[in-house]
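Note that these values count all heavy atoms, side chains included, but never hydrogens, waters or copies made by symmetry.
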Amino acid sequence: APVDMDVTEGLLSLPLSVLEIVLSYAQNPSAVFGTCRALRDVTLTTCNRLGYTIDTCNGSFNATLLSRAARRKVNLELLLSCRWAAHSDGAFGLALASSSLVKWTAVTRLSICGQHARIVHLGAASAHLVGPACPNLRSLELAYVCVQGPGLFHGLMGCRQLSSLHMYKVDMDSKARSALRLLSSLPQLSTLSLAAEGDATTEALACLAPRLHSLTLYKSRVWELQPFPDFLPDPSTSSGSGSASSSDMSPASSSQDLSAAASPAVAASGQSNAAASQSMEVDSPLDAAGMQGAGPSGVLGYDSAGNEPDAAGNEADEMQDAADMELSSSGSLDSSESAAIVVPAAPASGIVQSGSVHLGLKHLDIRLRMHAIAPQLRNLAIRCPHITLLSLPEVCLDQASLDTLLGIGNSPGLRNLQDLSVANFSRLATSRSQHPCPWRRLAIRDSSLSASTLAALPLHSLTSRFEVESVLMDDEHFTPEGAVAVLREAAHNLVACPGLHLAGGCLGLVVFDAAPASLAPASALLEALAPLRHRVSELQVNGVVLGAGEVAALGRALGPGLARLHLADCVLQGSFWTALWSSLPALCGLKLWYRCEGALGVAHLAAFAAQPARRPFTLSVDKELVGEAVVAEVREAASHYGAPVVSVELE
């Protein structure tokens, strides 16, 4: 709603703590700023999450309001975003050059974000100014950014409190990648995420790994199969890694070059207040808990409405800010200050010289497609025994990898691992369901899992939510009898899982035509679900033949708790309909869809719908199986028995 003077007076009369909440949820903060200077100043003073959109189309940036907020002695989260890709390096240069004269000491978290088709360029005009602009920076997030030259990392060497650096979809040239290892001089840096591409990145990780607690690696092309990153080499091997050239890595020489490049940007900073920046929502890939988008998240944006309508008031503000910038110019931080910092060279044989040295890494997230990584996991267990979170969302672990994580065989195992994320498991021929396991959370990307996988995994320790959608009978290595036994073991193992979650109490059983389970009696497969009788209220069955015997077996397995039954790709016999009422006393819904065939004529459906029943019942049929005419005849046949109990629906 428009903010008028009455609303403004009402807002200003609120207690400060209440006003903070109101402003943090403002949908249109620019309307608030355009009302009066008092409310604008309160906003800049109280809100700890601010967003600016740099209009790079005309190369202007209004840093006046932003500098006023960024000089506060409180924590400030700042989001800088670009609407246009053209000349973004110059626009950021103007903004950051202005701020480097009046240091943004309040900024502890900074995000610089472009968009998928609008990449932000940090080059010679702006990259080296990021660190000097925000000397108290603790967290830096870059998304859809192109970094050119070593200036960014040279400038960050002055941010001694920087503890978190996230780079998502960040493209770096060779000099920028070579400068990555300069970050090893930052005493607080413990969290890092970046693309694992190039030898220079591996060398940088070799320097950084001993101090990191959390590491995330990804590839720009996730669909390509990749080797396991070699930042953790086998202790018994020595992989020589050359160091970067001294000409590229010398802080002094680089600082001199960057200082010369910064001069035009600093000289042009006086033009930065020519026009106001515009507010926009940024499609940021950063963590949802971070500064993402606008609106209720608490990130406030500014545009030209943020300037006071009173021209005289605006002029006074700008003169005061200009005076402040002149007074503080003598204390400006030049990028050459980083020249005194000595950066250790990367060890010749990887991260550490001795395989007995343990790293402090606790969280590792590798978003690469890999396979057969048991040897690398063993090396990881030896070198990083303190890992509590391991995320491999693109990896399907085999039996050897599972045994390595559990410490079976010649691997010490990850005994402190509590959170594991993988794409799936495959070829688990040996059950580890009873093996001691420290896992508290297991996240599998595919919620439809093979029965052999569910039978073999150690689920007894999982206390966090473990969701299963369907059990797949797709293993080709079992006999029909063995398939039934595996399904029974999987059901027992699921019941033993404290964190088991079946959405709505629904579970699917899918039998593939080519698998040996398709040759097993359907009644035996259904009875194998008996351990889940108190957990399953809705069952979906795919790929079996169903008659009276199979319905009776289903009733013995899941008992009176089964309320709804979904059938797909099944063959129905005539006796199926007559057994439903007696064998499944709690069943109140039946859905037939996707390639069901057999006894689906008017006679069978009408006879079922016309039977006296003690409860309402809904029969849903896919329109591809029967037509409107068949459904109309079934309804008419059921109507002769009074008020129809069975409701027939066509989907």
Does [X] use its side chain to pair, donor to acceptor, with the backbone of [Y] at less than 3.5 Å?
| X | Y | result |
| --- | --- | --- |
| Ser461 | Trp439 | yes |
| Tyr218 | Lys169 | yes |
| Ser193 | Thr216 | no |
| Arg564 | Leu562 | no |
| Ser411 | Thr404 | yes |
| Glu633 | Val630 | no |
| Ser431 | Ala455 | yes |
| Thr453 | Leu449 | no |
| Arg465 | His501 | no |
| Asp474 | Ser450 | no |

As a test of understanding, state which of [options] forms a side chain to side chain contact (heavy atoms under 4.5 Å, CB included) with [X].
| X | options | answer |
| --- | --- | --- |
| Leu212 | Thr191, Leu361, Leu359 | Leu361 |
| Leu457 | Leu442, Leu494, Leu462 | Leu442 |
| Val621 | Val626, Val631, Leu590, Leu600 | Val626 |

Nearest 0.5 Å, please: how far is [atom2] in [Y] from [atom1] in [X]?
| X | Y | atom1 | atom2 | answer |
| --- | --- | --- | --- | --- |
| Ser433 | His492 | OG | NE2 | 11.0 Å |
| Leu215 | Ile366 | CG | CD1 | 7.0 Å |
| Leu414 | Thr388 | CG | OG1 | 10.0 Å |
| Ser164 | Glu141 | OG | CD | 6.5 Å |
| Arg109 | Ser139 | CZ | OG | 5.0 Å |
| Leu500 | Glu467 | CG | CD | 9.5 Å |

So do the side chains of [X] and [Y] get within less than 4.5 Å of each other, counting heavy atoms only?
| X | Y | answer |
| --- | --- | --- |
| Leu217 | Thr201 | no |
| Ile387 | Asn416 | no |
| Leu364 | Leu380 | yes |
| Leu406 | Pro458 | yes |
| Gln540 | Trp593 | yes |

Take a 6.0 Å sphere around CD of Glu649 and say whether it holds more than 12 heavy atoms from other residues, nucleotides or ligands. yes
Over 60° means perpendicular and under 30° means parallel, so tell me whether Trp577 and Phe608 are parallel, tilted or perpendicular. tilted
Over 60° means perpendicular and under 30° means parallel, so tell me whether Tyr168 and Tyr144 are parallel, tilted or perpendicular. perpendicular
Hydrogens and angles aside, do His460 and Gln434 bring a side-chain donor and acceptor to less than 3.5 Å of each other? no
Under 4.0 Å between a side-chain nitrogen and a carboxylate oxygen: does that hold for Arg369 and Glu394? no
